[in-house]
Protein chains: 2
Amino acid sequence: MVASIELAADGLSENTVDSVIPGRFVLRSARGRAIHASLLTAILDHRLAPGMRLPEDEIGALFGASRTIARDALQALAHEGLVTIEANRGAFVAHPTPAEARHVFEARFLLEPRMAALAAERATAEDVARLRAHALEEHEALHARDNRRAIFLSGTFHGLIADIAAQPVLAGFVREVVSRSSLIVALFWRRQDTTCERHAHEALVDAIERHDAKGASGVMESHLVDLFSGLDLSERAVRPASLAELIGPGQG
Amino acid sequence: MVASIELAADGLSENTVDSVIPGRFVLRSARGRAIHASLLTAILDHRLAPGMRLPEDEIGALFGASRTIARDALQALAHEGLVTIEANRGAFVAHPTPAEARHVFEARFLLEPRMAALAAERATAEDVARLRAHALEEHEALHARDNRRAIFLSGTFHGLIADIAAQPVLAGFVREVVSRSSLIVALFWRRQDTTCERHAHEALVDAIERHDAKGASGVMESHLVDLFSGLDLSERAVRPASLAELIGPGQG
DNA sequence: ACGCGCCAGATCGTATACAATCTATGTTTT
DNA sequence: AAAACATAGATTGTATACGATCTGGCGCGT
(Lines give C-alpha, C1' and ligand atoms only; values in the text may rest on other atoms or scores of the structure.)
Protein backbone atom coordinates (compact mmCIF):
# COMPACT_ATOMS: atom_id res chain seq x y z
CA MET A 1 0.00 0.00 0.00
CA VAL A 2 1.49 3.16 -1.22
CA ALA A 3 -0.81 5.59 0.50
CA SER A 4 1.10 5.23 3.74
CA ILE A 5 4.00 7.05 2.15
CA GLU A 6 3.90 10.80 2.06
CA LEU A 7 3.69 11.71 -1.57
CA ALA A 8 1.96 15.03 -1.47
CA ALA A 9 3.91 17.90 -2.95
CA ASP A 10 3.91 20.17 0.09
CA GLY A 11 6.87 18.40 1.63
CA LEU A 12 9.22 19.44 -1.14
CA SER A 13 10.64 22.78 -2.09
CA GLU A 14 9.70 23.60 -5.65
CA ASN A 15 13.27 24.49 -6.58
CA THR A 16 14.73 21.14 -5.80
CA VAL A 17 11.93 19.37 -7.59
CA ASP A 18 12.34 21.43 -10.73
CA SER A 19 16.00 20.61 -10.87
CA VAL A 20 15.17 16.96 -11.38
CA ILE A 21 12.42 17.26 -13.93
CA PRO A 22 13.37 16.69 -17.55
CA GLY A 23 13.21 19.72 -19.77
CA ARG A 24 11.19 18.39 -22.66
CA PHE A 25 7.71 17.84 -21.35
CA VAL A 26 5.30 15.24 -22.34
CA LEU A 27 2.63 15.53 -19.67
CA ARG A 28 -0.04 18.08 -20.44
CA SER A 29 -2.02 18.41 -17.25
CA ALA A 30 -0.75 20.14 -14.14
CA ARG A 31 -1.92 17.22 -12.02
CA GLY A 32 -0.09 14.78 -14.22
CA ARG A 33 3.09 16.73 -13.75
CA ALA A 34 2.49 16.88 -10.01
CA ILE A 35 2.14 13.12 -9.84
CA HIS A 36 5.25 12.70 -11.92
CA ALA A 37 7.26 15.08 -9.76
CA SER A 38 6.08 13.55 -6.50
CA LEU A 39 6.77 9.98 -7.52
CA LEU A 40 10.11 11.02 -8.96
CA THR A 41 11.33 12.71 -5.81
CA ALA A 42 9.92 9.92 -3.67
CA ILE A 43 11.97 7.44 -5.68
CA LEU A 44 15.07 9.62 -5.64
CA ASP A 45 15.15 9.99 -1.90
CA HIS A 46 14.32 6.35 -1.24
CA ARG A 47 10.87 6.76 0.20
CA LEU A 48 9.57 4.42 -2.49
CA ALA A 49 11.51 1.18 -2.54
CA PRO A 50 12.35 -0.75 -5.72
CA GLY A 51 9.65 -3.24 -6.65
CA MET A 52 6.86 -1.44 -4.82
CA ARG A 53 3.45 -1.51 -6.49
CA LEU A 54 2.01 1.70 -7.89
CA PRO A 55 -1.72 1.14 -8.45
CA GLU A 56 -3.31 3.62 -10.79
CA ASP A 57 -6.41 4.10 -8.64
CA GLU A 58 -4.57 4.88 -5.50
CA ILE A 59 -2.10 7.27 -7.11
CA GLY A 60 -4.84 9.10 -8.93
CA ALA A 61 -6.90 9.39 -5.77
CA LEU A 62 -3.93 10.82 -3.86
CA PHE A 63 -3.88 13.76 -6.23
CA GLY A 64 -7.59 14.06 -6.86
CA ALA A 65 -7.25 12.81 -10.41
CA SER A 66 -8.64 9.92 -12.37
CA ARG A 67 -6.71 6.88 -13.49
CA THR A 68 -6.28 8.50 -16.90
CA ILE A 69 -3.94 11.11 -15.46
CA ALA A 70 -2.14 8.67 -13.20
CA ARG A 71 -1.51 6.36 -16.15
CA ASP A 72 0.09 9.13 -18.16
CA ALA A 73 2.43 10.00 -15.32
CA LEU A 74 3.36 6.35 -14.81
CA GLN A 75 4.04 5.94 -18.49
CA ALA A 76 6.36 8.94 -18.40
CA LEU A 77 8.25 7.45 -15.47
CA ALA A 78 8.46 4.12 -17.27
CA HIS A 79 10.11 5.89 -20.16
CA GLU A 80 12.73 7.26 -17.81
CA GLY A 81 13.47 3.76 -16.55
CA LEU A 82 12.22 4.45 -13.03
CA VAL A 83 9.01 2.45 -13.28
CA THR A 84 8.33 -0.91 -14.83
CA ILE A 85 4.99 -1.65 -16.45
CA GLU A 86 3.78 -5.21 -16.75
CA ALA A 87 0.81 -5.87 -18.99
CA ASN A 88 -2.38 -6.56 -17.05
CA ARG A 89 -0.45 -6.33 -13.80
CA GLY A 90 0.30 -2.67 -13.46
CA ALA A 91 3.18 -0.41 -12.60
CA PHE A 92 5.99 -1.00 -10.11
CA VAL A 93 8.96 1.00 -8.96
CA ALA A 94 11.79 -0.36 -11.11
CA HIS A 95 13.97 -3.05 -9.59
CA PRO A 96 17.24 -3.01 -11.56
CA THR A 97 19.32 -6.15 -11.86
CA PRO A 98 23.08 -6.10 -11.29
CA ALA A 99 23.56 -6.21 -15.05
CA GLU A 100 21.36 -3.15 -15.51
CA ALA A 101 23.25 -1.41 -12.75
CA ARG A 102 26.49 -2.01 -14.61
CA HIS A 103 25.03 -0.67 -17.83
CA VAL A 104 23.79 2.46 -16.13
CA PHE A 105 27.20 3.12 -14.64
CA GLU A 106 28.96 2.40 -17.92
CA ALA A 107 26.82 5.16 -19.40
CA ARG A 108 27.74 7.48 -16.55
CA PHE A 109 31.44 6.76 -17.07
CA LEU A 110 31.15 7.87 -20.65
CA LEU A 111 28.88 10.86 -20.15
CA GLU A 112 29.74 12.54 -16.91
CA PRO A 113 33.49 13.14 -17.11
CA ARG A 114 32.88 14.91 -20.39
CA MET A 115 30.09 16.96 -18.86
CA ALA A 116 32.37 17.96 -16.00
CA ALA A 117 35.05 19.07 -18.45
CA LEU A 118 32.57 21.14 -20.45
CA ALA A 119 31.17 22.64 -17.27
CA ALA A 120 34.68 23.66 -16.24
CA GLU A 121 35.17 25.39 -19.56
CA ARG A 122 31.88 27.23 -19.51
CA ALA A 123 30.98 27.90 -15.90
CA THR A 124 30.24 31.51 -15.01
CA ALA A 125 30.72 32.97 -11.55
CA GLU A 126 27.01 32.51 -10.89
CA ASP A 127 27.21 28.85 -11.90
CA VAL A 128 30.01 28.29 -9.43
CA ALA A 129 28.07 30.11 -6.73
CA ARG A 130 25.07 27.87 -7.37
CA LEU A 131 27.22 24.77 -7.15
CA ARG A 132 28.79 25.97 -3.90
CA ALA A 133 25.39 26.67 -2.41
CA HIS A 134 24.28 23.22 -3.43
CA ALA A 135 27.36 21.59 -1.90
CA LEU A 136 26.69 23.50 1.29
CA GLU A 137 23.12 22.21 1.39
CA GLU A 138 24.46 18.70 1.01
CA HIS A 139 26.86 19.33 3.85
CA GLU A 140 24.06 20.54 6.08
CA ALA A 141 21.83 17.62 5.23
CA LEU A 142 24.60 15.20 6.13
CA HIS A 143 25.30 17.05 9.36
CA ALA A 144 21.63 16.94 10.27
CA ARG A 145 21.62 13.21 9.56
CA ASP A 146 18.89 13.84 7.01
CA ASN A 147 19.91 10.96 4.81
CA ARG A 148 17.02 11.26 2.42
CA ARG A 149 17.72 14.83 1.63
CA ALA A 150 21.44 14.12 1.38
CA ILE A 151 20.97 11.34 -1.13
CA PHE A 152 18.51 13.43 -3.10
CA LEU A 153 20.84 16.41 -3.26
CA SER A 154 23.84 14.35 -4.23
CA GLY A 155 21.87 13.25 -7.29
CA THR A 156 20.70 16.70 -8.31
CA PHE A 157 24.30 17.93 -8.03
CA HIS A 158 25.20 15.85 -11.06
CA GLY A 159 22.23 17.28 -12.92
CA LEU A 160 23.38 20.82 -12.16
CA ILE A 161 26.78 20.12 -13.66
CA ALA A 162 25.17 18.73 -16.77
CA ASP A 163 23.15 21.93 -17.08
CA ILE A 164 26.24 24.08 -16.87
CA ALA A 165 27.80 22.07 -19.68
CA ALA A 166 25.02 23.60 -21.81
CA GLN A 167 24.22 20.47 -23.79
CA PRO A 168 20.53 19.89 -23.22
CA VAL A 169 20.34 16.53 -24.96
CA LEU A 170 23.22 15.06 -23.01
CA ALA A 171 21.97 16.69 -19.82
CA GLY A 172 18.70 14.82 -20.25
CA PHE A 173 20.58 11.56 -20.60
CA VAL A 174 22.62 12.34 -17.49
CA ARG A 175 19.47 13.05 -15.51
CA GLU A 176 18.08 9.70 -16.53
CA VAL A 177 21.12 7.67 -15.51
CA VAL A 178 21.52 9.62 -12.29
CA SER A 179 17.91 8.97 -11.36
CA ARG A 180 18.27 5.30 -12.10
CA SER A 181 21.41 5.24 -9.98
CA SER A 182 19.27 6.20 -7.04
CA LEU A 183 17.37 2.92 -7.35
CA ILE A 184 20.65 1.07 -7.81
CA VAL A 185 22.05 2.58 -4.63
CA ALA A 186 18.88 1.65 -2.79
CA LEU A 187 19.36 -1.96 -3.79
CA PHE A 188 23.10 -2.52 -3.85
CA TRP A 189 24.80 0.01 -1.57
CA ARG A 190 26.94 -1.71 1.01
CA ARG A 191 29.04 1.06 2.49
CA GLN A 192 28.12 3.55 5.15
CA ASP A 193 30.48 6.45 4.83
CA THR A 194 29.43 9.12 2.38
CA THR A 195 32.11 11.57 3.42
CA CYS A 196 34.33 10.74 0.44
CA GLU A 197 31.45 11.76 -1.74
CA ARG A 198 31.08 15.16 -0.19
CA HIS A 199 34.77 15.82 -0.65
CA ALA A 200 34.49 14.73 -4.26
CA HIS A 201 31.71 17.22 -4.91
CA GLU A 202 33.74 20.00 -3.36
CA ALA A 203 36.81 19.06 -5.35
CA LEU A 204 34.63 19.13 -8.46
CA VAL A 205 33.44 22.65 -7.74
CA ASP A 206 37.04 23.73 -7.15
CA ALA A 207 38.20 22.34 -10.49
CA ILE A 208 35.25 23.94 -12.26
CA GLU A 209 35.97 27.29 -10.64
CA ARG A 210 39.59 27.06 -11.88
CA HIS A 211 38.23 26.25 -15.37
CA ASP A 212 40.37 23.14 -15.15
CA ALA A 213 38.62 20.85 -17.63
CA LYS A 214 41.08 17.97 -17.35
CA GLY A 215 40.99 18.16 -13.58
CA ALA A 216 37.20 18.26 -13.40
CA SER A 217 36.97 15.31 -15.74
CA GLY A 218 39.44 13.35 -13.62
CA VAL A 219 37.70 14.15 -10.35
CA MET A 220 34.37 13.14 -11.82
CA GLU A 221 35.77 9.88 -13.08
CA SER A 222 37.31 8.89 -9.76
CA HIS A 223 34.14 9.99 -8.00
CA LEU A 224 32.17 7.59 -10.19
CA VAL A 225 34.71 4.85 -9.52
CA ASP A 226 34.17 5.47 -5.83
CA LEU A 227 30.41 5.28 -6.15
CA PHE A 228 30.53 2.17 -8.29
CA SER A 229 32.95 0.37 -6.02
CA GLY A 230 30.60 1.06 -3.14
CA LEU A 231 28.07 -1.29 -4.75
CA ASP A 232 27.81 -5.00 -4.19
CA LEU A 233 26.64 -6.37 -7.51
CA SER A 234 27.30 -10.02 -6.74
CA GLU A 235 24.39 -12.33 -7.36
CA ARG A 236 24.10 -12.85 -3.65
CA ALA A 237 22.94 -9.27 -3.34
CA VAL A 238 19.97 -9.56 -5.66
CA ARG A 239 18.50 -12.66 -4.13
CA PRO A 240 18.72 -12.44 -0.35
CA ALA A 241 20.10 -15.94 -0.07
CA SER A 242 17.52 -18.52 0.87
CA LEU A 243 14.65 -18.23 3.23
CA ALA A 244 16.46 -20.63 5.54
CA GLU A 245 19.49 -18.34 5.64
CA LEU A 246 17.33 -15.33 6.41
CA ILE A 247 15.42 -16.93 9.23
CA GLY A 248 18.21 -19.13 10.49
CA PRO A 249 17.82 -22.71 11.68
CA GLY A 250 18.48 -22.09 15.36
CA GLN A 251 17.87 -18.48 16.29
CA GLY A 252 14.09 -18.01 15.98
CA MET B 1 -4.42 15.46 -43.39
CA VAL B 2 -2.32 12.53 -42.41
CA ALA B 3 -4.52 9.79 -43.79
CA SER B 4 -3.20 10.33 -47.27
CA ILE B 5 0.14 8.91 -46.18
CA GLU B 6 0.54 5.19 -46.11
CA LEU B 7 1.05 4.29 -42.48
CA ALA B 8 -0.14 0.74 -42.35
CA ALA B 9 2.41 -1.81 -41.24
CA ASP B 10 2.29 -4.12 -44.25
CA GLY B 11 4.71 -2.01 -46.25
CA LEU B 12 7.59 -2.70 -43.88
CA SER B 13 9.53 -5.84 -43.13
CA GLU B 14 9.23 -6.70 -39.48
CA ASN B 15 12.99 -7.05 -39.07
CA THR B 16 13.83 -3.55 -40.04
CA VAL B 17 11.09 -2.15 -37.87
CA ASP B 18 12.25 -4.05 -34.83
CA SER B 19 15.74 -2.74 -35.23
CA VAL B 20 14.49 0.78 -34.59
CA ILE B 21 12.21 0.16 -31.67
CA PRO B 22 13.61 0.88 -28.23
CA GLY B 23 14.17 -2.14 -26.07
CA ARG B 24 12.48 -1.08 -22.89
CA PHE B 25 8.79 -0.96 -23.68
CA VAL B 26 6.24 1.27 -22.27
CA LEU B 27 3.26 0.61 -24.51
CA ARG B 28 1.12 -2.29 -23.38
CA SER B 29 -1.26 -2.90 -26.21
CA ALA B 30 -0.27 -4.46 -29.51
CA ARG B 31 -2.13 -1.77 -31.40
CA GLY B 32 -0.35 0.94 -29.47
CA ARG B 33 2.98 -0.58 -30.45
CA ALA B 34 1.83 -0.85 -34.06
CA ILE B 35 0.96 2.85 -34.12
CA HIS B 36 4.27 3.70 -32.52
CA ALA B 37 6.22 1.58 -34.99
CA SER B 38 4.37 2.91 -38.02
CA LEU B 39 4.72 6.55 -37.09
CA LEU B 40 8.36 5.97 -36.17
CA THR B 41 9.30 4.43 -39.49
CA ALA B 42 7.22 6.99 -41.36
CA ILE B 43 9.19 9.74 -39.66
CA LEU B 44 12.53 7.99 -40.17
CA ASP B 45 12.08 7.60 -43.90
CA HIS B 46 10.68 11.10 -44.37
CA ARG B 47 7.13 10.19 -45.29
CA LEU B 48 5.95 12.36 -42.42
CA ALA B 49 7.42 15.84 -42.61
CA PRO B 50 8.45 17.90 -39.58
CA GLY B 51 5.62 20.01 -38.20
CA MET B 52 2.85 17.83 -39.60
CA ARG B 53 -0.24 17.49 -37.45
CA LEU B 54 -1.01 14.12 -35.88
CA PRO B 55 -4.67 14.19 -34.77
CA GLU B 56 -5.54 11.53 -32.24
CA ASP B 57 -8.83 10.61 -33.92
CA GLU B 58 -7.39 10.08 -37.31
CA ILE B 59 -4.42 8.05 -36.13
CA GLY B 60 -6.56 5.87 -33.92
CA ALA B 61 -9.03 5.28 -36.75
CA LEU B 62 -6.21 4.26 -39.10
CA PHE B 63 -5.40 1.38 -36.80
CA GLY B 64 -8.89 0.58 -35.61
CA ALA B 65 -8.19 1.90 -32.14
CA SER B 66 -9.66 4.60 -29.96
CA ARG B 67 -8.00 7.87 -29.10
CA THR B 68 -6.83 6.35 -25.83
CA ILE B 69 -4.41 4.07 -27.63
CA ALA B 70 -3.32 6.71 -30.10
CA ARG B 71 -2.58 9.11 -27.25
CA ASP B 72 -0.33 6.60 -25.54
CA ALA B 73 1.65 6.03 -28.72
CA LEU B 74 1.99 9.76 -29.32
CA GLN B 75 3.17 10.28 -25.77
CA ALA B 76 5.84 7.63 -26.26
CA LEU B 77 7.04 9.33 -29.42
CA ALA B 78 7.06 12.67 -27.63
CA HIS B 79 9.36 11.16 -25.04
CA GLU B 80 11.75 10.14 -27.78
CA GLY B 81 11.80 13.68 -29.11
CA LEU B 82 10.15 12.81 -32.40
CA VAL B 83 6.78 14.34 -31.63
CA THR B 84 5.91 17.60 -29.95
CA ILE B 85 2.79 17.91 -27.84
CA GLU B 86 1.17 21.28 -27.29
CA ALA B 87 -1.47 21.56 -24.61
CA ASN B 88 -5.01 21.76 -26.03
CA ARG B 89 -3.58 21.79 -29.54
CA GLY B 90 -2.41 18.26 -30.06
CA ALA B 91 0.59 16.39 -31.38
CA PHE B 92 2.87 17.33 -34.26
CA VAL B 93 5.87 15.75 -35.89
CA ALA B 94 8.79 17.48 -34.17
CA HIS B 95 10.33 20.43 -35.96
CA PRO B 96 13.82 20.87 -34.52
CA THR B 97 15.48 24.27 -34.51
CA PRO B 98 19.07 24.74 -35.65
CA ALA B 99 20.10 24.94 -32.00
CA GLU B 100 18.45 21.62 -31.24
CA ALA B 101 20.11 20.12 -34.29
CA ARG B 102 23.48 21.18 -32.94
CA HIS B 103 22.72 19.69 -29.53
CA VAL B 104 21.69 16.39 -31.05
CA PHE B 105 24.88 16.20 -33.05
CA GLU B 106 27.00 17.18 -30.07
CA ALA B 107 25.52 14.17 -28.31
CA ARG B 108 26.29 11.97 -31.29
CA PHE B 109 29.89 13.18 -31.34
CA LEU B 110 30.31 12.09 -27.75
CA LEU B 111 28.42 8.81 -27.92
CA GLU B 112 28.99 7.23 -31.28
CA PRO B 113 32.79 7.15 -31.67
CA ARG B 114 32.92 5.35 -28.35
CA MET B 115 30.24 2.93 -29.45
CA ALA B 116 32.18 2.22 -32.62
CA ALA B 117 35.32 1.51 -30.62
CA LEU B 118 33.48 -0.86 -28.29
CA ALA B 119 31.83 -2.57 -31.24
CA ALA B 120 35.25 -3.11 -32.80
CA GLU B 121 36.48 -4.72 -29.60
CA ARG B 122 33.50 -6.99 -29.17
CA ALA B 123 32.15 -7.82 -32.59
CA THR B 124 31.80 -11.51 -33.40
CA ALA B 125 31.94 -12.94 -36.90
CA GLU B 126 28.15 -12.99 -36.98
CA ASP B 127 28.00 -9.33 -35.98
CA VAL B 128 30.30 -8.43 -38.85
CA ALA B 129 28.22 -10.51 -41.24
CA ARG B 130 25.08 -8.71 -40.14
CA LEU B 131 26.73 -5.33 -40.65
CA ARG B 132 27.93 -6.37 -44.11
CA ALA B 133 24.47 -7.54 -45.07
CA HIS B 134 23.07 -4.25 -43.88
CA ALA B 135 25.63 -2.24 -45.83
CA LEU B 136 24.74 -4.28 -48.90
CA GLU B 137 21.07 -3.46 -48.44
CA GLU B 138 21.96 0.21 -48.27
CA HIS B 139 23.96 -0.15 -51.43
CA GLU B 140 21.04 -1.76 -53.21
CA ALA B 141 18.58 0.85 -52.01
CA LEU B 142 20.83 3.61 -53.31
CA HIS B 143 21.28 1.82 -56.60
CA ALA B 144 17.52 1.41 -56.97
CA ARG B 145 17.10 5.12 -56.24
CA ASP B 146 14.91 4.16 -53.29
CA ASN B 147 15.87 7.19 -51.26
CA ARG B 148 13.42 6.54 -48.47
CA ARG B 149 14.72 3.10 -47.83
CA ALA B 150 18.31 4.31 -48.11
CA ILE B 151 17.85 7.04 -45.54
CA PHE B 152 16.02 4.66 -43.24
CA LEU B 153 18.73 2.03 -43.46
CA SER B 154 21.55 4.48 -42.93
CA GLY B 155 19.93 5.35 -39.62
CA THR B 156 19.42 1.80 -38.45
CA PHE B 157 23.05 1.05 -39.28
CA HIS B 158 24.12 3.26 -36.41
CA GLY B 159 21.69 1.47 -34.13
CA LEU B 160 23.18 -1.88 -35.09
CA ILE B 161 26.65 -0.71 -34.11
CA ALA B 162 25.34 0.47 -30.78
CA ASP B 163 23.85 -2.96 -30.21
CA ILE B 164 27.15 -4.67 -30.90
CA ALA B 165 28.82 -2.44 -28.34
CA ALA B 166 26.64 -4.30 -25.82
CA GLN B 167 25.73 -1.29 -23.72
CA PRO B 168 21.96 -1.23 -23.73
CA VAL B 169 21.56 2.08 -21.95
CA LEU B 170 23.90 3.91 -24.30
CA ALA B 171 22.40 2.09 -27.27
CA GLY B 172 19.01 3.50 -26.33
CA PHE B 173 20.46 6.99 -26.24
CA VAL B 174 22.09 6.46 -29.62
CA ARG B 175 18.81 5.31 -31.12
CA GLU B 176 17.14 8.45 -29.87
CA VAL B 177 19.69 10.86 -31.32
CA VAL B 178 19.86 8.95 -34.59
CA SER B 179 16.08 9.10 -34.94
CA ARG B 180 16.05 12.79 -34.23
CA SER B 181 18.80 13.24 -36.80
CA SER B 182 16.38 11.98 -39.39
CA LEU B 183 14.13 14.97 -38.77
CA ILE B 184 17.16 17.25 -38.79
CA VAL B 185 18.24 15.91 -42.16
CA ALA B 186 14.73 16.37 -43.50
CA LEU B 187 14.86 20.03 -42.53
CA PHE B 188 18.45 21.11 -43.06
CA TRP B 189 20.11 18.81 -45.57
CA ARG B 190 21.58 20.76 -48.44
CA ARG B 191 23.78 18.28 -50.25
CA GLN B 192 22.80 15.65 -52.76
CA ASP B 193 25.55 13.10 -52.84
CA THR B 194 25.28 10.35 -50.28
CA THR B 195 28.08 8.28 -51.72
CA CYS B 196 30.60 9.44 -49.13
CA GLU B 197 28.25 8.08 -46.52
CA ARG B 198 28.13 4.64 -48.03
CA HIS B 199 31.90 4.50 -48.14
CA ALA B 200 32.04 5.58 -44.53
CA HIS B 201 29.75 2.75 -43.49
CA GLU B 202 31.86 0.25 -45.34
CA ALA B 203 35.06 1.62 -43.83
CA LEU B 204 33.41 1.30 -40.43
CA VAL B 205 32.61 -2.36 -41.00
CA ASP B 206 36.19 -2.95 -42.14
CA ALA B 207 37.65 -1.39 -38.99
CA ILE B 208 35.24 -3.35 -36.81
CA GLU B 209 36.16 -6.58 -38.57
CA ARG B 210 39.87 -5.85 -37.88
CA HIS B 211 38.97 -5.19 -34.22
CA ASP B 212 40.58 -1.84 -34.73
CA ALA B 213 38.95 0.23 -31.98
CA LYS B 214 40.93 3.42 -32.61
CA GLY B 215 40.28 3.15 -36.32
CA ALA B 216 36.56 2.55 -35.93
CA SER B 217 36.29 5.47 -33.56
CA GLY B 218 38.11 7.72 -36.01
CA VAL B 219 36.03 6.65 -38.98
CA MET B 220 32.85 7.22 -37.01
CA GLU B 221 33.96 10.66 -35.96
CA SER B 222 34.82 11.80 -39.45
CA HIS B 223 31.60 10.26 -40.73
CA LEU B 224 29.68 12.40 -38.24
CA VAL B 225 31.69 15.46 -39.26
CA ASP B 226 30.68 14.73 -42.83
CA LEU B 227 27.03 14.40 -41.95
CA PHE B 228 27.04 17.52 -39.83
CA SER B 229 28.81 19.62 -42.42
CA GLY B 230 26.16 18.58 -44.91
CA LEU B 231 23.60 20.57 -42.93
CA ASP B 232 22.74 24.20 -43.42
CA LEU B 233 21.91 25.46 -39.94
CA SER B 234 21.85 29.14 -40.79
CA GLU B 235 18.77 31.01 -39.72
CA ARG B 236 17.77 31.41 -43.34
CA ALA B 237 17.19 27.67 -43.51
CA VAL B 238 14.65 27.51 -40.73
CA ARG B 239 12.24 30.11 -42.09
CA PRO B 240 11.57 29.51 -45.78
CA ALA B 241 11.72 33.16 -46.59
CA SER B 242 8.34 34.81 -46.97
CA LEU B 243 5.18 33.60 -48.58
CA ALA B 244 5.73 36.13 -51.35
CA GLU B 245 9.14 34.66 -52.08
CA LEU B 246 7.74 31.16 -52.18
CA ILE B 247 4.92 31.95 -54.57
CA GLY B 248 6.70 34.59 -56.55
CA PRO B 249 5.14 37.82 -57.78
CA GLY B 250 5.29 37.08 -61.47
CA GLN B 251 5.31 33.39 -62.19
CA GLY B 252 1.84 32.19 -61.23
C1' DA C 1 -2.49 -33.37 4.76
C1' DC C 2 -1.61 -31.97 0.27
C1' DG C 3 -2.77 -30.50 -4.30
C1' DC C 4 -6.12 -28.98 -7.59
C1' DG C 5 -9.76 -26.17 -9.35
C1' DC C 6 -13.14 -22.66 -8.68
C1' DC C 7 -14.87 -18.25 -7.30
C1' DA C 8 -14.78 -13.39 -5.64
C1' DG C 9 -12.42 -9.20 -5.26
C1' DA C 10 -9.25 -6.19 -7.08
C1' DT C 11 -6.92 -4.10 -10.83
C1' DC C 12 -6.01 -3.17 -15.48
C1' DG C 13 -7.42 -2.30 -20.75
C1' DT C 14 -10.21 0.27 -23.72
C1' DA C 15 -13.96 2.81 -25.54
C1' DT C 16 -16.87 6.42 -25.11
C1' DA C 17 -19.28 10.58 -23.33
C1' DC C 18 -19.18 15.22 -22.22
C1' DA C 19 -16.81 19.47 -21.08
C1' DA C 20 -13.16 22.73 -22.20
C1' DT C 21 -10.42 24.82 -25.56
C1' DC C 22 -8.90 26.24 -29.88
C1' DT C 23 -9.35 27.68 -34.94
C1' DA C 24 -11.44 29.52 -38.65
C1' DT C 25 -15.06 31.76 -40.80
C1' DG C 26 -18.29 35.33 -41.19
C1' DT C 27 -20.38 39.46 -39.18
C1' DT C 28 -20.51 43.77 -37.11
C1' DT C 29 -18.50 48.10 -36.00
C1' DT C 30 -15.67 52.08 -36.68
C1' DA D 1 -11.87 48.67 -45.91
C1' DA D 2 -9.72 47.15 -41.73
C1' DA D 3 -10.13 45.59 -37.13
C1' DA D 4 -12.58 43.66 -33.46
C1' DC D 5 -15.92 40.43 -32.25
C1' DA D 6 -19.03 36.43 -32.28
C1' DT D 7 -20.18 31.92 -33.38
C1' DA D 8 -19.80 27.08 -35.22
C1' DG D 9 -17.04 23.22 -36.00
C1' DA D 10 -13.27 20.55 -34.86
C1' DT D 11 -10.07 18.71 -31.55
C1' DT D 12 -8.30 17.92 -27.16
C1' DG D 13 -8.81 16.99 -21.74
C1' DT D 14 -10.73 14.08 -18.36
C1' DA D 15 -13.77 11.06 -16.05
C1' DT D 16 -16.16 7.07 -16.02
C1' DA D 17 -18.26 2.65 -17.44
C1' DC D 18 -17.73 -2.00 -18.60
C1' DG D 19 -15.28 -6.01 -20.00
C1' DA D 20 -10.92 -8.70 -19.47
C1' DT D 21 -7.37 -10.43 -16.67
C1' DC D 22 -5.04 -11.46 -12.62
C1' DT D 23 -4.55 -12.74 -7.51
C1' DG D 24 -5.53 -14.99 -3.49
C1' DG D 25 -8.39 -17.81 -0.74
C1' DC D 26 -11.67 -21.35 -0.04
C1' DG D 27 -13.51 -25.84 -0.64
C1' DC D 28 -13.29 -30.14 -2.74
C1' DG D 29 -11.25 -34.48 -3.84
C1' DT D 30 -7.67 -37.70 -3.45
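Residue numbers start from 1 in every chain, and the chains themselves are labelled A, B, ... in the order their sequence lines are given, proteins ahead of strands.
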Sort me out a list of protein N/O and nucleotides 8-11 of chain D N/O pairs below 3.5 Å, or just none if empty.
from	atom 1	to	atom 2	distance (Å)
D:dT11	O3'	B:Arg53	NH2	3.3

Establish, from distance only, whether the side-chain atoms of A:His95 and A:Thr84 form a donor-acceptor pair under 3.5 Å.
no

Gap between atoms CG and C1', on B:Leu27 and C:dC12 respectively (whole Å)
15 Å

With 3.5 Å as the limit, what N/O pairs link the protein to nucleotides 14-18 of chain D?
from	atom 1	to	atom 2	distance (Å)
D:dT14	O3'	A:Arg31	NH2	3.4
D:dA15	OP1	A:Arg31	NH1	2.7
D:dA15	OP1	A:Arg31	NH2	3.3
D:dA15	OP2	A:Ser66	N	3.0
D:dA15	OP2	A:Ser66	OG	2.5
D:dA15	N7	A:Thr68	OG1	2.9

Review item, side-chain donor-acceptor pairs of residues 85-92 of chain A, under 3.5 Å, at least two apart:
from	atom 1	to	atom 2	distance (Å)
A:Glu86	OE1	A:Arg89	NH1	2.9

Protein-nucleotide distance (A:Glu86, atom CD; D:dT21, atom P), rounded to Å
17 Å

Counting C-beta onward and ignoring hydrogens, is there a side-chain heavy-atom pair between A:Arg149 and A:Glu137 closer than 4.5 Å?
yes

Who pairs with B:Thr68 by side chain to side chain contact (heavy atoms under 4.5 Å, CB included), at least two apart in sequence or on another chain?
B:Ser66

For atom CG of B:Asp72 and atom P of C:dC12, their distance in whole Å:
14 Å

List the steps, then state whether side-chain contact (heavy atoms from CB on, under 4.5 Å) holds for A:Ser179 with A:Glu80.
CA-CA 8 Å; A:Ser179 304; A:Glu80 295 159 31; 5.9 Å; no

Check whether any side-chain heavy atom of A:Ile35 lies under 4.5 Å from a side-chain heavy atom of A:Leu27, and answer yes or no.
no

Residue set satisfying side chain to side chain donor-acceptor pair (under 3.5 Å) with B:Arg67, at least two apart, ordered chain then number -> B:Glu56

Considering residues at least two apart in sequence or located in another chain, which fulfil the side chain to side chain contact (heavy atoms under 4.5 Å, CB included) criterion with A:Glu106?
A:His103, B:Gln167

